[in-house]
Amino acid sequence: MSRGKDYNKAMNNIKVTDAFKVLQDPIRVRIIEMLRFDQERRVFLPDTLEAKDGFCPEDILNILQAEDIHISNTKLSYHLKELRKNEMIFLAKEGKRNFYLFNQNGLRPILNWMNRIHK
């Protein structure tokens with residue numbers, strides 16, 4: 001039994017609303033921008049190709065603090081968890097260090113929705 005077109009639309013709409021919910025926090029938006037555009041500001045550089053463009057949490061915190069955005073490690077972990085849960089970022093583990101990378105496909109639900117309603 002197929003769930004049909006209406007079910008697929010509902011699931012896509014849930015993905016869109018979830019993406020907007022995760023992006024309503026300005027710190028999360030800044031983290032995405034950082035992972036995408038601020039490569040030269042990293043201090044801790046990964047050794048593997050998988051984590052090549054990634055940021056470790058220490059770098060993210062340092063950059064945020066330099067921009068007068070002061071959050072705790074716990075709060076950063078929460079933001080990173082929310083971004084990962086919504087597939088906006090990837091986690092690449094390298095030994096004991098974690099590196100976070102921007103996932104270009106994470107914004108796909110919003111882009112597809114915008115293209116659909118713009119027509």
Side-chain angles (χ1 to χ4, degrees):
M1 179 172 131
S2 173
R3 294 184 184 199
K5 199 181 226 181
D6 290 336
Y7 176 80
N8 289 336
K9 276 187 180 178
M11 293 309 295
N12 287 336
N13 288 344
I14 289 171
K15 288 181 181 181
V16 169
T17 57
D18 286 348
F20 278 122
K21 284 178 191 175
V22 80
L23 292 175
Q24 74 182 0
D25 189 294
I27 292 174
R28 292 186 202 136
V29 171
R30 180 62 191 112
I31 290 170
I32 289 172
E33 291 173 343
M34 183 187 311
L35 297 180
R36 178 67 176 97
F37 299 113
D38 293 346
Q39 296 295 317
E40 72 283 349
R41 296 180 71 183
R42 295 179 301 157
V43 174
F44 297 98
L45 299 176
D47 294 325
T48 61
L49 283 178
E50 179 186 10
K52 177 178 77 95
D53 295 323
F55 281 72
C56 71
E58 293 93 334
D59 278 336
I60 295 170
L61 275 177
N62 288 336
I63 292 168
L64 291 174
Q65 287 174 353
E67 297 172 355
D68 284 331
I69 303 170
H70 300 283
I71 62 171
S72 66
N73 286 335
T74 304
K75 193 66 169 175
L76 177 62
S77 292
Y78 171 74
H79 288 305
L80 294 171
K81 178 182 144 200
E82 289 298 307
L83 289 166
R84 281 185 62 211
K85 182 173 79 175
N86 287 279
E87 300 176 353
M88 304 263 176
I89 64 173
F90 291 119
L91 169 66
K93 292 185 176 251
E94 191 175 277
K96 292 183 180 181
R97 193 171 298 276
N98 292 330
F99 289 91
Y100 294 90
L101 299 100
F102 174 63
N103 176 14
Q104 292 182 335
N105 291 324
L107 297 175
R108 185 72 45 214
I110 292 173
L111 295 172
N112 289 343
W113 176 77
M114 291 176 75
N115 285 330
R116 192 172 74 237
I117 66 167
H118 187 269
K119 290 181 181 180

Are side-chain heavy atoms of Ile31 and Met88 found at a separation under 4.5 Å?
-> no

Which atom pairs, one a donor and one an acceptor, fall under 3.5 Å between side chains of residues 45-52 and the rest of the protein, sequence neighbours left out?
from	atom 1	to	atom 2	distance (Å)
Thr48	OG1	Ala51	N	3.4
Thr48	OG1	Glu94	OE1	2.8

Ignoring hydrogens and geometry, is there a side-chain-to-backbone donor-acceptor pair from Asp25 to Ile27 under 3.5 Å?
-> yes

Who pairs with Arg28 by salt bridge (Lys or Arg N to Asp or Glu O under 4.0 Å), at least two apart in sequence or on another chain?
-> none

Residue pairs passing the ring-ring contact (aromatic ring centres under 6.0 Å, His included) test with at least one member in residues 46-98, sequence neighbours excluded, are none

So do the side chains of Leu83 and Leu35 get within less than 4.5 Å of each other, counting heavy atoms only?
-> no

So does Arg97 pair up with Glu58, basic N to acidic O under 4.0 Å?
-> yes

Are Glu87 and Asn105 close enough that some pair of their side-chain heavy atoms sits under 4.5 Å apart?
-> no

For Glu33, check side-chain hydrogen bond (donor to acceptor under 3.5 Å, both in side chains) against everything at least two apart and list the hits.
-> none

Look at the side-chain heavy atoms of Ile, Leu, Val, Met, Phe, Trp and Tyr, link any pair under 4.5 Å apart, and say whether Ile60 and Phe44 land in one connected group.
-> no

Taking the side chain as every heavy atom from C-beta outward, state whether Asn86 and Glu82 have any atom pair closer than 4.5 Å.
-> yes

What distance do Asn98 atom CG and Leu91 atom CG have between them, rounded to the nearest 0.5 Å?
-> 4.5 Å

Mind jotting down which residue pairs meet the ring-ring contact (aromatic ring centres under 6.0 Å, His included) criterion with at least one end in residues 99-119? Sequence neighbours excluded, please.
-> Phe20-Trp113

Set of side-chain hydrogen bond (donor to acceptor under 3.5 Å, both in side chains) partners for Arg41, sequence neighbours left out = Glu67

Taking all heavy atoms of Ile14 and all of Thr17, pick out the closest pair and write down the distance.
-> O-OG1, 3.0 Å

Validation row: Leu107, Leu23 side chains within 4.5 angstrom (heavy atoms) | yes

